[in-house]
Student: 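Please see the structure below; I have some questions.
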Amino acid sequence: MIPSVPAVLVDLAGKVMANAMPDANPTDRAATLGLSAMLMGLAAEAWDGAAHNLVMENRAIRGLLARGAAYVPPPEERPEDDFRLSALAAENARLRAALITLQIAVEGRDEAMNDAIWAELRASTERRKQQGSAV
């Protein structure tokens, strides 16, 4: 499981506080501060693109669910008017659960639909990659 940005920031806050103590081991302090700087950079990158990625994923999944309505009724349509990351992530989870149900329904029955679902899952993985991630 990949930790959320807020969880990483809370952990970093604890590390910074621990290393602000005068009796902190200088070697441990240097290692922790280097790691903290790297994690803050990755957190900033993730934070910057998170809302955009979730909106794009939610739109793509809604399109797939509408396309697969003959197999599984799409979930209730909700207005996309709350752009807080927590709300977008909750909607993403709800839509992904419906997408799983659709994928199960089309597997072995509609190869094109199944391929489209997997293509979007690969695309969402690509959208979530960090620049600092290994390719």
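Note that the structure is a prediction, hence the values are computed from the model and not measured.
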Student: Indicate the atoms forming the closest heavy-atom contact of A51 with L85, along with that distance.
Tutor: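 The pair with the smallest heavy-atom distance is N-CD2, 3.4 Å.
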
Student: Which pair of heavy atoms, one from A18 and one from A24, lies closest together, and at what distance?
Tutor: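 So the two residues come closest at O-CB, 4.0 Å.
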
Student: Answer with yes or no whether the side chains of N92 and R96 bring together a donor and an acceptor at under 3.5 Å.
Tutor: yes

Student: Please list, chain by chain and in numerical order, all residues satisfying salt bridge (Lys or Arg N to Asp or Glu O under 4.0 Å) with E80, sequence neighbours excluded.
Tutor: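 Salt bridge (Lys or Arg N to Asp or Glu O under 4.0 Å) check on E80 returns R59, R62.
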
Student: Is M56 reachable from L88 through a run of I, L, V, M, F, W or Y residues, each pair having side-chain heavy atoms under 4.5 Å apart?
Tutor: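 Yes; tracing contacts between hydrophobic side chains, which count when under 4.5 Å, links both residues.
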
Student: Please lay out, stage by stage, how L54 and R128 fare under the test side chain to side chain contact (heavy atoms under 4.5 Å, CB included).
Tutor: CA-CA 9 Å; L54 287 166; R128 290 170 185 248; 4.0 Å; yes

Student: Going by side-chain heavy atoms closer than 4.5 Å, which hydrophobic residues are tied to L64, directly or by a chain of links?
Tutor: I61, L65, Y71, V72, L95, L99, L102, V106, M113, I117, W118, L121

Student: Ignoring hydrogens, what is the shortest heavy-atom contact between R67 and A112? Give both atom names and the distance.
Tutor: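 That closest heavy-atom pairing would be NH2-O, 3.7 Å.
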
Student: Using side chain to side chain donor-acceptor pair (under 3.5 Å) as the criterion, point out the one residue from Q103, E107, R109 that pairs with N114.
Tutor: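 For N114, the side chain to side chain donor-acceptor pair (under 3.5 Å) check succeeds only for Q103.
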
Student: Quick one: pull up CD in E120 and CG in D115 and give me the separation to the nearest 0.5 Å.
Tutor: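 Taking CD in E120 and CG in D115, the distance rounds to 13.5 Å.
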
Student: Is there a path of hydrophobic side-chain contacts, each under 4.5 Å between heavy atoms of I/L/V/M/F/W/Y residues, joining V16 to L35?
Tutor: no

Student: Can you name the salt bridge (Lys or Arg N to Asp or Glu O under 4.0 Å) partners of D11, sequence neighbours left out?
Tutor: K15

Student: Check whether M38 and L9 end up in the same hydrophobic cluster, where Ile, Leu, Val, Met, Phe, Trp and Tyr are linked by side-chain heavy atoms less than 4.5 Å apart.
Tutor: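 Both belong to a single hydrophobic cluster.
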
